[in-house]
Amino acid sequence: MYFQDPPDKQAYYTQVWALARQIPLGRIATYGQLAKLIPAPSDIDPNVYRTSSPRWVGNAMAACPDDVPWQRVLNAQGKISDRRGAARQKALLQLEDVEFLNDRVDLSYYQWAGPNMPDAPRQPRLF
DNA sequence: GTAATGACCAATA
DNA sequence: CTATTGGCCATTA
């Protein structure tokens, strides 16, 4: 159930962390979102990149330095990926005023607009 | 040497 | 709503 590692794991992870550091407090990015913001390494098949890069991002977050706001990265469903430490992640987000409904956040409300982009004005939450 | 298992996602059934 | 499937590797025990 895994597909490949980046050719240069260190270089890839560094890019992931650089992006994650830009996620503002109280905003959420998804693994796939960050993956799409990083260009595919030249020696990787685009299809392979598309399917495996979200996991590379997950792996990068598992190994991130202390100054990376790892708690702001969730899965595409707006949920915390199940693992040891999920409860801690939820607690940290709640400290940032991120609200959960049935263990899910409303991505249409909380999702980060992207690097060097103004955050979209917040629409009314759907719940 | 084998075997288990990872912070994913989109499309289906 | 939940479950399954394809994608098909590196690391660790």
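All chains are named by letter (A, B, ...) in the order of the sequence lines, taking the proteins before the strands, and each is independently numbered beginning at 1.
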Is the ring centre of A:Tyr31 less than 6.0 Å from the ring centre of A:Trp56?
no
Among residues 75-85 of chain A, which contact DNA chain B at a heavy-atom distance under 4.0 Å?
A:Asn75, A:Ala76, A:Ser81, A:Arg83
Starting at OH of A:Tyr49 and ending at P of C:dG6, how long is that distance when rounded to a whole Å?
24 Å
For a quick test of reading the model, state the closest non-hydrogen atom pair linking A:Pro69 to A:Arg21 and the distance between them.
CD-CA, 3.8 Å
When you compare the side chain of A:Ile80 with that of A:Phe100, does any pair of heavy atoms fall below 4.5 Å?
yes
Please determine, for the side chain of A:Tyr31, which listed nucleotide (C:dC8, B:dA7, B:dA10) has the closest atom?
B:dA7
Tell me: CZ of A:Arg50 to C1' of C:dG6, nearest whole Å?
10 Å
Going by heavy atoms in the side chains, are A:Gln15 and A:Pro39 under 4.5 Å from each other?
yes
Does A:Trp17 form a side chain to side chain contact (heavy atoms under 4.5 Å, CB included) with A:Leu34? I'd like the steps, not just the answer.
CA-CA 10 Å; A:Trp17 299 331; A:Leu34 297 187; over 6 Å; no
Could you tell me how far B:dA7 sits from C:dG6 if I compare only their P atoms? Round to whole Å.
23 Å
Measure from CG on A:Asn102 to P on C:dC1 and round the result to the nearest Å.
9 Å
In terms of side-chain heavy atoms of A:Ala62, which of B:dC8, B:dA7, C:dA10 is nearest?
B:dA7
P atom, B:dG6 versus C:dG7: distance in rounded Å?
22 Å
Does the side chain of A:Ile38 come within less than 4.5 Å of A:Leu19's, by heavy atoms?
yes
Distance check needed: C:dA10 P versus A:Trp56 CH2, whole Å only.
11 Å
Nearest to the side chain of A:Lys9, which nucleotide is it out of B:dA7, C:dT11, B:dC8?
C:dT11
To the nearest Å, how far apart are A:Asn47 CG and B:dA10 P?
14 Å
Using whole Å, what does the distance between atom P of nucleotide C:dA10 and atom CD1 of A:Ile44 come to?
10 Å
Distance in angstrom units between A:Arg55 CZ and B:dT5 C1', rounded
11 Å
Is there a side-chain contact between A:Met61 and A:Val68 (heavy atoms, below 4.5 Å)?
yes
What is the distance, rounded to the nearest whole Å, between atom CG of A:Asp103 and atom P of C:dC1?
13 Å
